Protein chains: 4
Amino acid sequence: MSETKKRSAKRDLITAAAARVFAERGYAQARMADVAAELGMRAGSLYYYFDSKEGLLAAAVEDRVALAVAELESIVASDDPVEAKVRRAIEAHLLVFDEHAALYGMFQTEHLDGIVPDLARAVDERGRAYESLWVGLIEEGIRSGELRPRIDPWVTMKAIVGLCNSTLFWFESDGGMSPELLAGRFADLVLGGVMA
Amino acid sequence: MSETKKRSAKRDLITAAAARVFAERGYAQARMADVAAELGMRAGSLYYYFDSKEGLLAAAVEDRVALAVAELESIVASDDPVEAKVRRAIEAHLLVFDEHAALYGMFQTEHLDGIVPDLARAVDERGRAYESLWVGLIEEGIRSGELRPRIDPWVTMKAIVGLCNSTLFWFESDGGMSPELLAGRFADLVLGGVMA
Amino acid sequence: MSETKKRSAKRDLITAAAARVFAERGYAQARMADVAAELGMRAGSLYYYFDSKEGLLAAAVEDRVALAVAELESIVASDDPVEAKVRRAIEAHLLVFDEHAALYGMFQTEHLDGIVPDLARAVDERGRAYESLWVGLIEEGIRSGELRPRIDPWVTMKAIVGLCNSTLFWFESDGGMSPELLAGRFADLVLGGVMA
Amino acid sequence: MSETKKRSAKRDLITAAAARVFAERGYAQARMADVAAELGMRAGSLYYYFDSKEGLLAAAVEDRVALAVAELESIVASDDPVEAKVRRAIEAHLLVFDEHAALYGMFQTEHLDGIVPDLARAVDERGRAYESLWVGLIEEGIRSGELRPRIDPWVTMKAIVGLCNSTLFWFESDGGMSPELLAGRFADLVLGGVMA
DNA sequence: TATGAATGAGCATTCATTCAT
DNA sequence: AATGAATGAATGCTCATTCAT
């Protein structure tokens, strides 16, 4: 049991390192030796914990995908007005990204379907679920009169999610601005636009 | 001259094919044989036109990067009101992306600095120039009173550009919606927000 | 006939260029394009004159190998005293080398048996004939009492020929010393040694 | 430490095999697979010990070049009469060649400057040092009256060194004659010539 | 006669993976 | 649990060679 725990802890260390390395250099450019070096180990040793590079990628990704969906689910289900929900959802999105930037970066930048098709499919499904929740939220706002009746819920969702996702390519929370503040600005833009 | 033209035309065919293949599978996963096959050729033949895989990537990218910057430049320099400029700029962005989706996709999804550092640097510079133009446009709007005085020009620029860039991951113009229409929706969102 | 002559003349130009290029870069490192460039042509054009790179090598070598043997033959057959014959033979050797340095350089420096076995065998035979003539000359000198009775004819031959051959690695007649002068010094050394 | 020793020992085995293969087939014609096969390994495995084919060549050559120079240095510095020094130097030359024929063969027969310029330069310098020692020895003999005053030290050096070097192309100590015996004959020739 | 274009075989090199220790 | 060593498949690249024009 203690052995098992130690092994599991080490696995976590490795997946974390892998997520970092994969995100930084790209999955294809990253070598197993790079991941191992990050941990002061040798490439061969990783195979004591994982079957393959793809397996390592899968493990690095698998557990953490569910988080964002669950969070958004609870936000949507709450009794807040839609405006508040949108604000909270955007903030939640950026906070998750901020914490797991390396991980989510891989979803955007890697051609995972050519590498780990099963995993890619699973991730895709999660993504669709996430998008559905957003669409539902927007439709709720339109129905309740809080959002403009003429906006296209699906396009709007794509815009908001795309906007949030794009932070992966440039935002670093240690760069002066907090993710919460950035989320506020984004929400302002999305809700009220820039026109005077 | 005719020979030169033919050669140049073939080079263009190859770079186009390369951009497609690189964008689809990712630069690292793409084999020279894939690019060649796209043209009914064999891998070795590509070396008659290009020195290396990296050279092919560079050629595929190089010439076309300047376009977007030039276009935005002329839009910003025009006499339109800022609102119209923003609308036109967003539309121009999406139109360029629609036409060269494969190409611009690579900028987002590949870790080019690890592969072709010089090219990556050059592309980066263009990107910064593009962003500067947007920031200038937003500041102009604030000064003229057309845009809200409290918005942060840089963050707003990042939001708009990120929003437009994110279409690379999902938008296909043959999917029912024209890029012009999508651009209009995006401009509505950016300018006026979603609140009723 | 005129056509044939022109073709033959061109073939000679090509073999000369090939000998030069092969000797300079080594047969394996030399590309057909290098040989062609030496003549302001393209690689493919050489195949109008020669079947293959090996054929080109063979042609470059073939005709000229007989020269040295024939010359030495006539020297040995003459009525001069052995000392004079040795002097003349050494000079002839260096003169041939000086004129066809590129060509003979290839015999020494290339692993021709791994590349053109038939040619290598033919060249080898010529070489043995050449050596036999030298051995005969030395034996003649011993018999006649002109050369020391205790020297080993074969080893002596190897020494003399090796000595002459070694000039290929350093001697250039435009470097200040004439091949005739060098031959004289070599003959002095071979005949009388260096001891006071 | 033991690990390091084992690794180093293996590296030596590989460089030895490489020297053999390179000398036999020529560097360009030799495949990494050939070198590996000589050791019962596969080509890829060599890269665990060396960076590249060129690196392997460099390693094969590097350490062993200094030997001959050092040996000649000590001979020249001794108190023997010049005649004895010359005899010893020739013998040393042939003995080194006999032991490392494969290695030194490459210096003569490969166009190393086109392949590993740095290494070629380094080897060249050693060669010049070696020649300088010989020239010095000959000048010493002339000054002391042991050698003829009229001989040209540099040409004489080239002759002696060239003579010794030429053995690389034919001499094999298991062919009946010992290198020591051959060296003796060469010294007789060099010192006293062949004339009766 | 010469060339531009294309080919395909060959080879160096990389790297995930295995395995005895 | 980890490593050093070895492997083999994959792939970029070179270059002799072919051939239609």
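Lettering of chains follows the sequences in order, A, B, ..., and the numbering in each one begins at 1. It should be emphasised that the depicted structure is a prediction, and the values quoted were computed from it without experimental measurement. Side-chain atoms are counted along with the backbone in the values below, which use heavy atoms only and exclude waters and symmetry mates.
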Step-by-step side chain to side chain contact (heavy atoms under 4.5 Å, CB included) determination, A:Glu110 to B:His111: CA-CA 10 Å; A:Glu110 294 297 334; B:His111 296 256; 3.8 Å; yes

Give every residue pair that meets the ring pair (Phe, Tyr, Trp, His ring centres under 6.0 Å) criterion with at least one member in residues 6-33 of chain D, sequence neighbours excluded. D:Phe22-D:Tyr27

Counting N and O atoms only, with roles assigned by atom type, does the side chain of A:Arg11 sit under 3.5 Å from a partner on the main chain of A:Tyr49, one being a donor and the other an acceptor? yes

A:Lys10 side chain to A:Lys5 main-chain N or O, any donor-acceptor pair under 3.5 Å? no

Can A:Asp118 and A:Arg121 be counted as an ion pair, charged N to O under 4.0 angstrom? yes

Taking only the side-chain nitrogens and oxygens of [X], find out if one of them lies under 4.0 Å from OP1 or OP2 of [N].
{"X": "B:Arg42", "N": "E:dA6", "result": "no"}
{"X": "D:Tyr48", "N": "F:dA5", "result": "yes"}
{"X": "B:Lys6", "N": "E:dA5", "result": "no"}
{"X": "A:Lys10", "N": "F:dA2", "result": "yes"}

According to a 3.5 Å limit on both distances, what stems of 3 or more consecutive Watson-Crick or G-U pairs are formed with DNA chain F? E:2-21 with F:2-21

Name the nucleic acid region contacted by A:Phe50, choosing base, sugar-phosphate or nothing; use a 4.0 angstrom heavy-atom cut-off, strictly under. nothing

Between C:Tyr27 and D:Gly40, the residue closer to the 5' end of DNA chain F by nearest nucleotide is D:Gly40

Side chain to side chain contact (heavy atoms under 4.5 Å, CB included) partner of D:Val61, the single match among D:Leu56, D:Thr15, D:Val116, D:Leu119: D:Leu119

Whole angstrom is fine here: how far is it from [atom1] in [X] over to [atom2] in [N]?
{"X": "D:Met41", "N": "F:dG4", "atom1": "CE", "atom2": "P", "answer": "16 Å"}
{"X": "B:Tyr49", "N": "F:dT14", "atom1": "OH", "atom2": "P", "answer": "17 Å"}
{"X": "D:Arg7", "N": "F:dT3", "atom1": "CZ", "atom2": "P", "answer": "15 Å"}
{"X": "B:Leu39", "N": "E:dA5", "atom1": "CG", "atom2": "P", "answer": "15 Å"}
{"X": "A:Leu46", "N": "F:dG4", "atom1": "CG", "atom2": "C1'", "answer": "15 Å"}

What pairs of nitrogen or oxygen atoms, one from the protein and one from nucleotides 13-15 of chain E, lie under 3.5 Å apart?
{"residue": "E:dT13", "atom": "OP2", "partner": "D:Tyr47", "partner atom": "OH", "Å": "2.4"}
{"residue": "E:dT13", "atom": "OP2", "partner": "D:Lys53", "partner atom": "N", "Å": "2.8"}
{"residue": "E:dT13", "atom": "O5'", "partner": "D:Tyr47", "partner atom": "OH", "Å": "3.2"}

Check the pair A:Arg25, A:Asp34 against side chain to side chain contact (heavy atoms under 4.5 Å, CB included), reporting the backbone distance first and the verdict last. CA-CA 10 Å; A:Arg25 312 194 187 186; A:Asp34 294 332; 3.1 Å; yes

Between C:Met32 and C:Lys53, does the side chain to side chain contact (heavy atoms under 4.5 Å, CB included) criterion hold? Intermediate values first, please. CA-CA 7 Å; C:Met32 289 299 269; C:Lys53 190 185 179 186; 3.7 Å; yes

Ring-face cation contact, C:Tyr48 with C:Arg7, 6.0 Å cut, 45° max: yes

